[in-house]
Amino acid sequence: MNQLRSVKGMHDVLPEETPRWHFLENTYRDLVGLYGYREIRTPVLEPLELFVRGIGEATDIVEKEMYAFEDKGGDRLALRPEGTASVIRAFVQHGLHAQEPVSKLYYIGPMFRRERPAKGRFRQFYQAGAELIGAAEPIADAEIIDMAASFLKALGIADVCVQLSSLGDRESRLAYRGALVEFLEKRKEELCGDCLRRLSVNPLRVLDCKVEACRAVASTAPSVMGYLSADAAAHFAQVRRALERFKTPHEVAPGMVRGLDYYTRTIFEIQGRSEVLGAQATLVGGGRYDGLVSELGGPATPTIGFAFGLERLLLMLGDNAAAATQRAVFVAGVGDGGVDRAHDIARSLRAAGCRAEVVYSAVSLKSQLKRADRIGAIGVVIAGEDEAARGSVTWRDMRDGTQIELPISELTARVEAMQ
Ligand code: HAM
């Protein structure tokens with residue numbers, strides 16, 4: 001029979017890998033908790049319209065990469081390609097703005113984009129993100145950027161430098177759009193068919209095209225940073241000043257392009273390089289998106305956020321992520337009723353918070369000791385018939401192989417002392 005396999009670009013995380021995921025997720029939760037972020041969980045399926053409006057119709061994500069379909073009831077749905085639009089939808093839907101002046105929300109979960117799979121690029125991938133809703137001040141931008149950099153530091157990923165740019169406000173964008181169209185019109189013959197269309201629909205997206213010839217044109221295009229309004233330029237300068245104050249290393253990257261349309265003012269990324277990832281890979285991307293809450297039907301609210309790609313972080317981690325699994329005890333059942341006795345003892349050990357494993361069928365002590373060895377047990381409780389008659393068990397220390405008989409009432413204390 002044909003063996004079924006996981007969908008291309010979507011991967012199982014096997015038990016031996018999950019401790020590293022836990023390390024990553026726990027470090028993230030602990031860190032963002034220090035800044036007052038609380039978790040929000042939104043569905044992976046959303047109305048397609050949310051992403052068309054939120055991310056932008058003419059973006060690669062919406063045009064080419066989205067898993068979108070009509071369900072059996074005729075509703076047009078999409079697997080979320082990112083978390084921000086969903087978080088803001090939930091924020092508006094539940095009227096969170098009426099509950100607190102500033103909402104600090106974080107999330108960890110799978111996202112879906114039908115991209116060409118490569119190292120560090122998948123069709124289902126996990127993001128850990130944060131959204132700061134309700135603060136317009138430049139120091140808010142600096143705080144969240146610093147939080148992203150601090151997460152990498154907490155993971156032991158050193159020497160990170162934040163790449164920073166600004167897309168300006170509506171006024172800056174209009175001025176820039178004119179200049180960009182003028183530039184692109186002159187280089188029209190070099191652009192791909194998609195970009196010729198983008199030129200009239202959404203010229204900024206030409207800068208995001210992956211076709212080599214278009215990238216060459218984009219690399220010489222004027223930067224939006226040259227067209228910032230006085231207000232947007234002042235905001236950007238203050239963000240930089242605050243980052244200097246926080247001693248967060250950063251540099252200005254005037255040519256930075258983010259793949260989503262909702263950004264305004266500050267945008268940022270942090271790149272990482274590892275042996276596995278090869279070339280530079282973007283570990284985190286984010287920015288301000290002050291128009292999205294009102295676009296999705298809420299009151300005008302300033303917002304900024306970011307999202308890390310967890311698989312990329314794992315590739316960077318190396319062996320930093322120590323797996324802190326609790327050490328196990330194995331309970332071996334010997335003789336008549338041995339399996340039942342072993343399960344009784346394992347249950348009482350677990351009730352006291354000790355990890356205890358047992359077999360499910362009567363097998364020889366030798367093979368149970370082998371199993372204990374394989375799971376890395378620190379000790380084996382041998383629940384034999386004779387000991388049971390005396391109200392005791394045999395305790396075998398797996399580190400030196402010594403065995404003693406002890407009253408069953410002392411077992412829990414003995415195991416706890418070894419943890
Ligand atoms: P993004 O830059 O599209 O931003 O994605 C953020 C991060 O997700 C990337 O830097 C990368 O690490 C990871 N990522 C993206 N696509 C893939 C993929 N196919 N495979 C593996 N990892 C991937 C956003 O999604 C915005 N929502 C970030 C944000 C939050 N902006 C404001 N708030």
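Both ligands and their constituent atoms are indexed starting at 1 by order of listing. Atoms considered below: every heavy atom in the structure, side chains included; atoms not considered: hydrogens, waters and symmetry mates. For the single chain, residues carry numbers from 1 onward in sequence order.
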Is the ring pair His343/Tyr360 parallel, tilted or perpendicular, if the boundaries are 30 and 60 degrees? tilted
Between Arg265 and Asp231, does any NZ, NE, NH1 or NH2 come within less than 4.0 Å of an OD or OE carboxylate oxygen? yes
Single hit among Tyr106, Tyr107, Tyr37 for side-chain hydrogen bond (donor to acceptor under 3.5 Å, both in side chains) with Glu131: Tyr107
Looking at Arg113, Glu115, Glu82, Met111, the heavy atom closest to atom 3 (O) of ligand 1 belongs to Arg113
Any nitrogen or oxygen of Ala130, side chain or backbone, less than 3.5 Å from one on ligand 1? no
Atoms of ligand 1 less than 4.0 Å from Val284 heavy atoms? 10 (O)
Scan Arg116, Arg198, Arg258 and name whichever one has a salt bridge (Lys or Arg N to Asp or Glu O under 4.0 Å) with Asp60. Arg198
Among side-chain atoms of His235 and Asp141, is any donor-acceptor pair under 3.5 angstrom? yes
I want to confirm something. Looking only at heavy atoms, which of Gly305, Pro81, Ala307 is nearest to atom 32 (C) of ligand 1? Gly305
Any Gly286 heavy atom less than 4.0 Å from ligand 1: yes
Donor-acceptor pair between Thr27 and Asp30 side chains, under 3.5 angstrom: no
Applying a strict 4.0 Å limit to heavy atoms, is Tyr263 in contact with ligand 1? yes
Which of the atoms in ligand 1, numbered in the order shown and given with their element, are less than 4.0 Å from a heavy-atom of Gly285? 10 (O), 28 (C), 29 (C)
With a cut-off of 4.0 Å, which atoms of ligand 1 are near a heavy atom of Tyr289? 32 (C), 33 (N)
Is a salt bridge present between Arg205 and Glu63, judged by a nitrogen-to-oxygen distance below 4.0 Å? no
Provide the number and element of each atom of ligand 1 under 4.0 Å from a heavy atom of Glu131. 30 (C), 32 (C), 33 (N)
Going by distance alone, is a donor N or O of one side chain under 3.5 Å from an acceptor N or O of the other, for Thr59 and Asp261? no
Do any nitrogen or oxygen atoms of Leu283 come within less than 3.5 Å of a nitrogen or oxygen of ligand 1? yes
Heavy-atom proximity to atom 30 (C) of ligand 1 ranks first, among Asp60, Ile88, Thr84, for Thr84
Identify the closest protein heavy atom to atom 9 (C) of ligand 1: which residue and atom is it, and at what distance? Thr282 O, 4.0 Å
Given Arg312, Arg258, Arg116, Glu269, which has its nearest heavy atom closest to atom 1 (P) of ligand 1? Arg258
N/O of Glu311 under 3.5 Å from N/O of ligand 1, yes or no? no
Checking contacts here: is it the side chain or the backbone of Tyr126 that comes within 4.0 Å of ligand 1, counting heavy atoms only? Could be both or neither. neither
Of the listed options Phe122, Phe112, Phe268, Phe125, closest to atom 16 (N) of ligand 1 (non-hydrogen atoms): Phe125
With a 4.0 Å cut-off on heavy atoms, does Gly120 reach ligand 1? yes
Validation row, ring centre Phe69 to ring centre Tyr67 under 6.0 Å: no
Could you tell me whether Arg347 and Asp344 have a side-chain N and a carboxylate O separated by less than 4.0 Å? no
Can you tell which part of Ile304 has a heavy atom less than 4.0 Å from ligand 1: side chain, backbone, both or neither? neither
Does ligand 1 have any atom that is closer than 4.0 Å to a heavy atom of Arg121? yes
With salt bridge (Lys or Arg N to Asp or Glu O under 4.0 Å) as the test, pick out the partner of Glu46 among Arg53, Arg89, Arg80. Arg89
Side-chain donor-acceptor pair under 3.5 Å between Thr84 and Tyr262, yes or no? yes
Ranked by distance from atom 5 (O) of ligand 1, the top protein heavy atom is Gln127 NE2, 3.2 Å
Students should be able to answer this: which protein heavy-atom is nearest to atom 26 (C) of ligand 1, and at what distance? Tyr262 OH, 3.3 Å
Could you find the nearest protein heavy atom to atom 13 (C) of ligand 1 and give me its residue, atom name and distance? Gly309 CA, 3.6 Å
Using 30° and 60° as the class boundaries, would you call the ring planes of Tyr227 and Tyr176 parallel, tilted or perpendicular? tilted
